[in-house]
Participant: 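Take this structure, written in structure tokens, and hold onto it; I'll ask about it next.
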Protein chains: 2
Amino acid sequence: MTIKPKVTIHDIAEKLNVTASTVSRALNDNPRISDATKKAVLKIAKQLNYQPNNIAAALRNGRSHIIGIIVPTADRAFFSSVVRGIEEIANKINYKVIICQSYDNYDKEVQTVDALLNARVDGIIASVGKNTENFDHFKKALEKNVPLVLFDRTTDALEVSQIVIDDYLGAYKAVEHLAQQGCKRIAHFTSPKKVSVFKERLRGYLDALRDNGIAYDEELVIKSNLQLEDGRESMEQLLKLKQLPDAVFSASDYGAMGAMQVLKENNFRIPEDVALAGFSNDPFTSFTDPPLTTVDQLSITMGKITAEIFFEQISTHEKRNMSQKIILKPELIIRKSTLRLAAVPAAPPMGRDLVQEQEI
Amino acid sequence: MTIKPKVTIHDIAEKLNVTASTVSRALNDNPRISDATKKAVLKIAKQLNYQPNNIAAALRNGRSHIIGIIVPTADRAFFSSVVRGIEEIANKINYKVIICQSYDNYDKEVQTVDALLNARVDGIIASVGKNTENFDHFKKALEKNVPLVLFDRTTDALEVSQIVIDDYLGAYKAVEHLAQQGCKRIAHFTSPKKVSVFKERLRGYLDALRDNGIAYDEELVIKSNLQLEDGRESMEQLLKLKQLPDAVFSASDYGAMGAMQVLKENNFRIPEDVALAGFSNDPFTSFTDPPLTTVDQLSITMGKITAEIFFEQISTHEKRNMSQKIILKPELIIRKSTLRLAAVPAAPPMGRDLVQEQEI
DNA sequence: GATTCTCTGTTTAGTGGTTTCATAAAAAAT
DNA sequence: ATTTTTTATGAAACCACTAAACAGAGAATC
């Protein structure tokens, strides 16, 4: 394999006896260049296998046409869907996307923002890490006039546009549904963290209880990190109560899954003895037995809207347009884990469309 | 929020009454600069909140310190784990990673390679799309002397280093395990595509049958796209046979999951009536009931090794070092879906460590 | 016939950081 | 004291591309 020399617009210019600026304009389809010249340039460019140097262009005009996306992790179906939605729109208008993962690590998040700024991205779209409480790194981006939009995990500490789902409503819907299925003692798994989503879900839980005439019982609300193992422990704790719950609404699917495992190990029937609902509509929730009722977060929609708002901001650039907050309405995906009444939903079961592509 | 003016090394230079080159050297810790000057420069840089412009540097020295990763999709646990492994090593030596998704779309893959070349990445790590049969876009990278390493979905059509797992061995292990559990009629779900991984898995299946004294029965090998729905159909097809299988080894976890659903719907016991094994160790497999035996692909290891080989290539750069092919040994994760003999594995169940972080 | 446009291109001057080459001063060697 | 070496820095070129300002030829207008 021979290594070809790098070809620049100057090489093309030389071949055609014009200047580099003419070639540059021709390649950029500038109206000041005649069609004949454009064609000639394009032809030579192709012939020489010219590959534009985006770096030089970026340096010159101060826009890299690259945007940075920061997510806690890209392997969560929710985040990757959002990313995909953003990418689709970005690609359409010739922007490249660079995906960065913070792994919910504050330091890494700070470094990433810095790295993106150094790389001179044209803007940043981010979902804030779980442990982030200081937002100076994002402020730095704003100070440099780099557009910033937050989605899902956002903060009001920054004056930026945000796209979130209505966690309150999602939780409310789930708990209301449980109540309608005849549940009277509905437990809730939540997090001790100050993250707003959990506070909102808790609020939805409480309001739905009240609106459905169910008294709040403190011992039914269990705080944990909401991982699988936490869900197991929380459920075991609940099983020690004198009066058992007849439903659990977990603020995470993993927490619900842990509860499901423990319930089955103890020979409880789901949903007859205890109904179960989660939050997020993680892909695995349709594969559990019984399939898990959960709240879908409209990830694709969120991605598209996020991208739209972001690029709107990019184009209007200088103008300090007010930041907007968009709240999407989540959807309750009802599956067997909560269906205690006769009526089973007609086929095809809901949420089936969320099945992932196969692994190879 | 005030927009601060962009500060360059020239601003720092001016403040200190030195030249930009001195500042540049000081910032790069060049030994030819006195410690006093270095300290002064660093101090002013911090004071002015100087942010280096990587683009300018990249243009000048022809290395962007960015590497591109192309994966079919980032939301598959396997790929994102590999990416994570790569990222970890890359970050350590101050390289940024830009993750691109081809969505198994050939055109998008070609465009992506082009875009990465234009962005002047220092190298590319890729897993080839399912439908890619022409590799000219990758050849273009090689011609430009841009290091390229392939993992998992690779090709021998290119003279590059590859890191793959031994699909043959994975399949062999799975089928051997089924035989050891007393299965005599083991079915196999495979793909009609020409992708080597499936051919290898089929080969492993066949050899394991032979080595365990089980006769090959053509009607037990079912070809499909291996998605969930395909698995269901394949299983239904098997259930129509006069002589039912007592085990199914699917070349994908989703296929196995489809089979599990159909089996349960028809009141077959798993694994007593039919044992089930998949391939990939997708996160959901530990949440099914019963949990699914499957083959783990050592994604993290693969990522680390891929990164190591890649950066080795980056550093030795010019030298046209021979390309190597590394084949990792996959691991069989035994779970209840195949355990027909008394011995149930002691807690904690295997594969538990693969549980994903919770969704929020 | 002179003036003004249009059209198509050229000239020039960046963009921000790095690096080669040169140089002055200081230190070391003779 | 003189030469050589070392140290610390400056001046200018350069990376590849782009945009503003400028220019010349022919067409259109008065």
Side-chain angles (χ1 to χ4, degrees), chain A residues 4-42 44-45 48-66 94 115 117-122 144-145, chain B residues 4-42 44-45 48-66 94 117-122 144-146:
Chain A
K4 299 198 181 151
K6 294 210 170 110
V7 20
T8 73
I9 52 171
H10 293 93
D11 301 321
I12 301 177
E14 204 174 337
K15 275 230 168 188
L16 286 168
N17 268 323
V18 294
T19 61
S21 29
T22 302
V23 175
S24 170
R25 286 208 183 84
L27 291 173
N28 288 316
D29 204 25
N30 186 305
R32 304 186 66 101
I33 299 296
S34 69
D35 285 353
T37 311
K38 277 181 193 166
K39 263 183 204 154
V41 168
L42 253 27
I44 301 290
L48 297 182
N49 189 24
Y50 168 73
Q51 201 95 25
N53 186 331
N54 288 168
I55 296 214
L59 176 60
R60 177 58 232 242
N61 27 335
R63 358 193 61 234
S64 60
H65 263 242
I66 294 179
N94 212 22
L117 292 178
N118 289 354
R120 292 306 197 263
V121 293
D122 288 351
K144 291 186 189 305
N145 209 21
Chain B
K4 299 202 180 147
K6 292 207 171 112
V7 20
T8 73
I9 52 171
H10 293 94
D11 301 321
I12 300 176
E14 205 174 336
K15 274 231 168 187
L16 285 169
N17 267 323
V18 295
T19 60
S21 28
T22 302
V23 175
S24 170
R25 288 200 185 93
L27 291 173
N28 288 315
D29 204 25
N30 186 310
R32 305 193 68 101
I33 297 294
S34 71
D35 285 352
T37 312
K38 276 182 194 167
K39 264 184 202 150
V41 168
L42 254 25
I44 301 290
L48 297 183
N49 189 23
Y50 167 74
Q51 202 95 24
N53 185 332
N54 287 168
I55 296 215
L59 176 60
R60 176 59 228 238
N61 22 320
R63 358 193 60 239
S64 60
H65 264 241
I66 293 178
N94 212 23
L117 292 178
N118 290 354
R120 293 305 196 267
V121 293
D122 287 352
K144 291 186 188 306
N145 210 21
V146 173

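We name chains A, B, ... by the order of the sequence lines, and we start the count at 1 in each one. Side-chain atoms are counted along with the backbone in the values below, which use heavy atoms only and exclude waters and symmetry mates.
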Participant: Please examine the side chains of A:H65 and A:D122, heavy atoms only from C-beta on, and report whether any two atoms are closer than 4.5 Å.
Facilitator: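 Sidechains of A:H65 and A:D122: in contact.
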Participant: Work out which heavy atom in B:L59 is nearest to a heavy atom in A:N53; give both atom names and the distance.
Facilitator: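 Closest approach of B:L59 to A:N53, heavy atoms only: CD1-ND2, 4.2 Å.
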Participant: B:Y50 pairs by side chain to side chain contact (heavy atoms under 4.5 Å, CB included) with which of B:V23, B:L27, B:D11?
Facilitator: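 The single option meeting the side chain to side chain contact (heavy atoms under 4.5 Å, CB included) with B:Y50 is B:L27.
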Participant: So, do B:V7 and B:Q51 sit near enough that their side-chain heavy atoms are less than 4.5 Å apart?
Facilitator: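 B:V7 vs B:Q51: side chains apart.
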Participant: With a non-hydrogen cut-off below 4.0 angstrom, is B:N17 in contact with a base, only sugar-phosphate, or nothing?
Facilitator: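 Result for B:N17 = sugar-phosphate.
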Participant: Counting the atoms with a prime plus P, OP1 and OP2 as sugar-phosphate, which does A:T19 contact under 4.0 Å by heavy atoms, base, sugar-phosphate, or nothing?
Facilitator: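 The answer is base, as A:T19 lies within the cut-off (heavy atoms under 4.0 Å) of a base atom.
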Participant: Considering only D:dT18, C:dG17, C:dT15, which nucleotide approaches the side chain of A:A20 most closely?
Facilitator: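 From the listed options, D:dT18 comes nearest.
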Participant: Where the side chain of B:T22 is concerned, which of C:dT15, D:dG10, D:dC17 is the nearest nucleotide?
Facilitator: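 The closest nucleotide is D:dG10.
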Participant: What nucleotide among D:dG10, D:dC17, D:dA16 has an atom nearest to a side-chain atom of A:S24?
Facilitator: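 Side chain of A:S24 sits closest to D:dC17.
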Participant: Grab the CD1-C1' distance between A:I33 and C:dT10 for me, whole Å please.
Facilitator: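 It works out to 10 Å between those atoms.
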Participant: What's the shortest heavy-atom distance between A:A58 and B:I55, and which atoms?
Facilitator: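 Scanning both residues completely, I find the closest heavy atoms to be CB-CD1, 3.5 Å.
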Participant: Between A:I9 and A:R32, which is nearer to the 5' end of DNA chain D once each is assigned its nearest nucleotide?
Facilitator: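 It is A:I9 whose nearest nucleotide is closer to the 5' end.
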Participant: Would you kindly give the CD1-to-C1' distance between A:I12 and D:dA16, to the nearest whole Å?
Facilitator: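 Rounded to the whole Å, the gap is 12 Å.
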Participant: Using whole Å, what does the distance between atom C1' of nucleotide C:dG17 and atom NE2 of B:H10 come to?
Facilitator: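 It is 8 Å, rounded to the nearest whole Å.
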Participant: Starting at the 5' end of DNA chain D, which residue's closest nucleotide do you reach first, B:R25 or B:R60?
Facilitator: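 Mapping each residue to its closest nucleotide by heavy atoms, the 5'-most match is B:R25.
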Participant: How close or far is atom P of D:dA13 from atom CG of B:L59, stated in whole angstroms?
Facilitator: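 Those two atoms, CG and P, are 17 Å apart.
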Participant: Taking atom P of C:dT19 as reference, at what distance in whole Å does atom CG of B:N30 sit?
Facilitator: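 B:N30 atom CG is separated from C:dT19 atom P by 9 Å.
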Participant: Under 4.0 Å, heavy atoms only, any strand: does A:V18 hit a base, just the sugar-phosphate, or nothing?
Facilitator: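 Contact class for A:V18: sugar-phosphate only.
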Participant: Once you round it to whole Å, what is the distance between C1' of D:dC15 and CG of B:N54?
Facilitator: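 The distance from CG of B:N54 to C1' of D:dC15 comes to 15 Å, rounded to the nearest Å.
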Participant: Under 4.0 angstrom, heavy atoms only, what part of the nucleic acid is A:S21 near: base, sugar-phosphate, or nothing?
Facilitator: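 Touches a base.
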Participant: A:N28 side chain N/O closer than 4.0 Å to the phosphate oxygens (OP1, OP2) of D:dT18?
Facilitator: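 Checking D:dT18 against A:N28, a side-chain N or O does come within under 4.0 Å of OP1 or OP2.
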Participant: Given axes from five pairs at either end, by how many degrees does the helix from C:dG1-D:dC30 to C:dT30-D:dA1 bend, rounded to 10°?
Facilitator: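 Computed from the C1' atoms at both ends, the axes differ by 50°.
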Participant: Taking atom P of C:dG17 as reference, at what distance in whole Å does atom NE2 of B:H65 sit?
Facilitator: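 Whole-Å distance recorded here is 16 Å.
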Participant: Is there side-chain contact between A:I33 and A:T22, with at least one heavy-atom pair below 4.5 Å?
Facilitator: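 A side-chain contact under 4.5 Å exists here.
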Participant: Could you tell me how far apart A:D35 (CG) and C:dT6 (P) are, to the nearest whole angstrom?
Facilitator: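 Spelled out: CG on A:D35 to P on C:dT6 is 19 Å.
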Participant: Is a side-chain N or O of B:K6 found less than 3.5 angstrom from the main chain of A:K144, in a donor-acceptor match?
Facilitator: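 Between the backbone of A:K144 and the side chain of B:K6 there is no qualifying donor-acceptor contact (under 3.5 Å).
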Participant: Quick check on D:dT9: is either OP1 or OP2 less than 4.0 Å from any side-chain nitrogen or oxygen of B:T37?
Facilitator: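 Result: yes.
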Participant: Quick one, A:N54 and B:R120 - any side-chain contact, counting heavy atoms below 4.5 Å?
Facilitator: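 SC-SC contact between A:N54 and B:R120 ruled out.
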